[in-house]
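Source: prediction; values computed, not measured. In what follows, chains carry the letters A, B, and so on, assigned in the order in which the sequence lines appear, proteins first and then strands, with residues in each chain numbered from 1.
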Number of protein chains: 2
Amino acid sequence: MLVFKSGKGFMYGVPTLTDVARLAGVSENTVSRVIRNKGPIADSTRTRVTSAIEELGYVPNRAAGSLASSGSMLMGVLLPSLSNIVFPEVLRGIHSALASTEYQALVGVTDYDALTEQGIVSSLLAWKPAAIIMTGFDHTDATRRMLENSRVRVAELMDIDAEPIDIAIGLSHRKAGYDSGRHLISRGYRRFGYVGHDWTADRRARKRYEGLCAALLEAGLTLKAEQRVDGPSSTIAGRDTLARLLTKKPDIEVVVFSNDDMAVGGFFHCLSAGIAVKEKLGLFGFNGLDIGQSLPAPLSTVRSNRFLIGQTAVEKLLESSERPLERQIVDTGYVIIEGATA
Amino acid sequence: MLVFKSGKGFMYGVPTLTDVARLAGVSENTVSRVIRNKGPIADSTRTRVTSAIEELGYVPNRAAGSLASSGSMLMGVLLPSLSNIVFPEVLRGIHSALASTEYQALVGVTDYDALTEQGIVSSLLAWKPAAIIMTGFDHTDATRRMLENSRVRVAELMDIDAEPIDIAIGLSHRKAGYDSGRHLISRGYRRFGYVGHDWTADRRARKRYEGLCAALLEAGLTLKAEQRVDGPSSTIAGRDTLARLLTKKPDIEVVVFSNDDMAVGGFFHCLSAGIAVKEKLGLFGFNGLDIGQSLPAPLSTVRSNRFLIGQTAVEKLLESSERPLERQIVDTGYVIIEGATA
DNA sequence: GGAAAATATGTTAGCGCTGAGATAATGTTT
DNA sequence: AAACATTATCTCAGCGCTAACATATTTTCC
């Protein structure tokens, strides 16, 4: 291992700024400025410093930097879950936008629990992150207060149906549900069923449901049957739940599912039960997942742009480190995918 | 906003340890010890301190803590991609194990690129993480050197077919491929096809392929046909690629896919093309994803325990902060799922 | 009852970096 | 050649916390 002089004598171990400065024959501050590309530096100096860094294999200590500058290149990310493919996709968008920057993601998973979220927010803030990305609008008062006091920029993703703390990025789930209903009604469907999952956790699913009901009501219709499972959405759950729904009400024309996972499960049920999809029973999902589109009959659904949401969040947050005067809402929109199942 | 006395006079803003100490009427160190639960503290003192913390809404500054103790409660996580569902599942395992601790995950995505990985490792190390979790064994020399010098604990996940830096957790993909082959041979299959994806990125898929070929060779057989797509695995890719394979060689009895995504796509192709799965054409995947098991005919495949891998990694790493003398290998195993497609 | 042990708290010196302002070296203008 | 910019560099005081050690204070035990 290398031996070199440091602050108070000979040291073994990790080299510091001081060591680099000594080797390059410049002051610590100059090294610091070379590293951070800040202020004017003579080319010759820069070269000497960079080669000293190279030679020592110096890696800056971010904790020290963060402490001195009371800021960090960290971006806090809070996701409700990683089980639902939607959130890894958001995270993918976040990472893709982060890739071209120096920022790094500090990720926490809340399990759809506002108190867990609160704890994570608190420990995130302890790192003085540049910004925090969270999901939805369900936060505890304490969480809101912490975020308020910290003055850190905050993006709330997925949903835009409420007033954000700072900036919201996503789509109107209520409207998406409503439009789904309108779309299906315009296709001639009248006898609607609904298959969903637990919506105490997934509030957005509920908003879509409400939008759907509003569209039906407006057309003088109602849901003829609905069935919800306890627990998260899954293909299996969709399959079983559609089966149960059809046992109770066999004369449904179209089923709207809480999301694509459920709908794909529904598709599989039809396959097993020999139900002609679309002719006999229409299926409609939400999200526009790949899996749905690769089905023998591409799923009729709504494309939510998860990747884009994550990506946009990062871009918007990095535009300015100060919260803008006006709360901002970015609608990433959605597209109804015709598909072949409804 | 609160006004209180700090180090050098009145300050507005975020309270520090000093403020808490002053309010509670104890020394800073005592507050620090209350927070970190270290050393003996009288109950009365603890109460005074915690209520001072409460009152001020004090949040410790981790950067300062990390600097002072030259360590952090961060765990670096490097994943090659988030597109392949497998890695979010590993991440889920990691988070689930982390949830009961104070540690937090600092996540980076390498895009299967060793140089990108190197850059991320370098910036991770800058935070003095407690440990680093990475995937596979393909690292640059510089990466190895940095990890070596830093002395942090390192887990290499997914694969156990090589010598780890510190600890490897996963399964033998070569053996899994081999066993798949043996299994299918024992089921009477003789005319094998293979449908895969780009394996310059996904080395493990290649190892499984090699294991499969070894099993065939041992039985005096060979692959009758194989088809690989450029690019990552996906349902669509599996579907199209199987179609192409069958055009070239229609008399295959069973197709082994590089993974479940591809195999599910293959299943969909059979559905569209009216090919009786299993009777006419066996399908075999790898991973044991939910989607494969929820197919009308559960996919025959191999269950890799991704969640467990992530979870085990964290547990093992936290067992000791020092690298053990012996490099360690943890085999999380795999299970052949009979399924109904082969 | 006094020494030793156990418990509870305080004091002090940094950890490695950055920000602000001082200083030095160079170039430009009159 | 003096006066002024401009550019490049240095000095130094912290950022907020923790480790190590020193100092009470109480308990235990013979």
Side-chain angles (χ1 to χ4, degrees), chain A residues 4-9 11 13-49 52-53 56 58-73 102 123 125-128 150, chain B residues 4-9 11 13-49 52-53 56 58-73 102 123 125-128 150:
Chain A
F4 42 84
K5 229 177 170 145
S6 183
K8 17 220 47 82
M11 292 203 83
V14 184
T16 71
L17 244 203
T18 315
D19 300 307
V20 176
R22 201 186 318 267
L23 182 59
V26 297
S27 76
E28 301 183 24
N29 188 295
T30 301
V31 177
S32 173
R33 267 147 56 216
V34 169
I35 290 169
R36 290 174 300 141
N37 250 322
K38 232 183 167 188
I41 297 285
D43 281 348
S44 61
T45 314
R46 187 190 307 280
T47 315
R48 285 218 315 294
V49 170
I53 289 175
L56 295 176
Y58 168 70
V59 176
N61 180 330
R62 303 271 185 171
S66 175
L67 177 58
S69 67
S70 55
S72 80
M73 295 303 256
E102 294 278 277
S123 33
L125 287 176
W127 288 107
K128 310 273 170 202
S150 74
Chain B
F4 42 85
K5 231 181 173 143
S6 181
K8 18 218 50 75
M11 294 200 80
V14 184
T16 70
L17 243 204
T18 315
D19 300 309
V20 177
R22 201 186 318 267
L23 182 59
V26 297
S27 75
E28 300 183 25
N29 190 306
T30 302
V31 178
S32 174
R33 265 143 58 209
V34 168
I35 290 170
R36 289 174 301 139
N37 249 321
K38 231 181 168 186
I41 298 285
D43 281 348
S44 62
T45 314
R46 187 190 308 280
T47 314
R48 285 218 316 295
V49 170
I53 289 176
L56 294 175
Y58 168 72
V59 176
N61 181 331
R62 302 271 185 172
S66 174
L67 178 58
S69 67
S70 54
S72 79
M73 295 305 257
E102 293 279 274
S123 32
L125 287 177
W127 289 107
K128 309 273 169 204
S150 74

Atom CZ of B:R46 and atom P of C:dA8: how far apart are they, to the nearest Å? 9 Å

When every nucleotide of nucleotides 17-22 of chain C is labelled 5' to 3' by its protein contacts under 4.0 Å (heavy atoms), B for base, S for sugar-phosphate only, - for none, what sequence of letters results? BBBB--

Could you pull out all residues at least two apart from B:T47 that satisfy side-chain hydrogen bond (donor to acceptor under 3.5 Å, both in side chains)? none

Residues 64-72 of chain B side chain polar contacts: donor-acceptor under 3.5 Å, at least two apart:
from  : atom 1 : to     : atom 2 : distance (Å)
B:S66 : OG     : B:G71  : O      : 3.1
B:S69 : OG     : B:G65  : O      : 2.9
B:S72 : OG     : B:L74  : N      : 3.2
B:S72 : OG     : B:W127 : O      : 3.2
B:S72 : OG     : B:K128 : O      : 2.9

Check B:P60 against A:A126 and note the closest heavy-atom contact, atom names and distance. O-CB, 3.1 Å

Between the CZ atom in B:R48 and the CD1 atom in B:I41, the distance rounded to the nearest 0.5 Å is 10.5 Å

Report the residues that fulfil side chain to side chain contact (heavy atoms under 4.5 Å, CB included) with B:A21, sequence neighbours left out, ordered by chain and then residue number. B:E28, B:V31

Please name all residues satisfying side-chain hydrogen bond (donor to acceptor under 3.5 Å, both in side chains) with B:R36, sequence neighbours left out, ordered by chain then number. B:S32

Detail all sub-3.5 Å separations between protein N/O atoms and N/O atoms belonging to nucleotides 25-28 of chain D.
none

Looking at CZ of B:R46 and OG1 of B:T30, how far apart are the two atoms once the value is rounded to the nearest 0.5 Å? 11.5 Å

Contacts of type side chain to side chain contact (heavy atoms under 4.5 Å, CB included), residue A:I53, not counting sequence neighbours: A:V20, A:I35, A:V49, A:Y58

Can you check the A:D43 CG to C:dA25 P distance for me, whole Å? 20 Å

Base-paired stems in DNA chain C, each at least three Watson-Crick or G-U pairs under 3.5 Å: C:1-30 with D:1-30

Gap between atoms CZ and C1', on A:R22 and D:dC10 respectively (whole Å): 15 Å

Between B:I41 and B:L67, which is nearer to the 5' end of DNA chain C once each is assigned its nearest nucleotide? B:I41

Evaluate the side-chain proximity of A:S123 to B:E102: yes if any heavy-atom separation is below 4.5 Å, no if none is. no

Does A:S70 put a side-chain nitrogen or oxygen below 4.0 Å from OP1 or OP2 of D:dC15? no

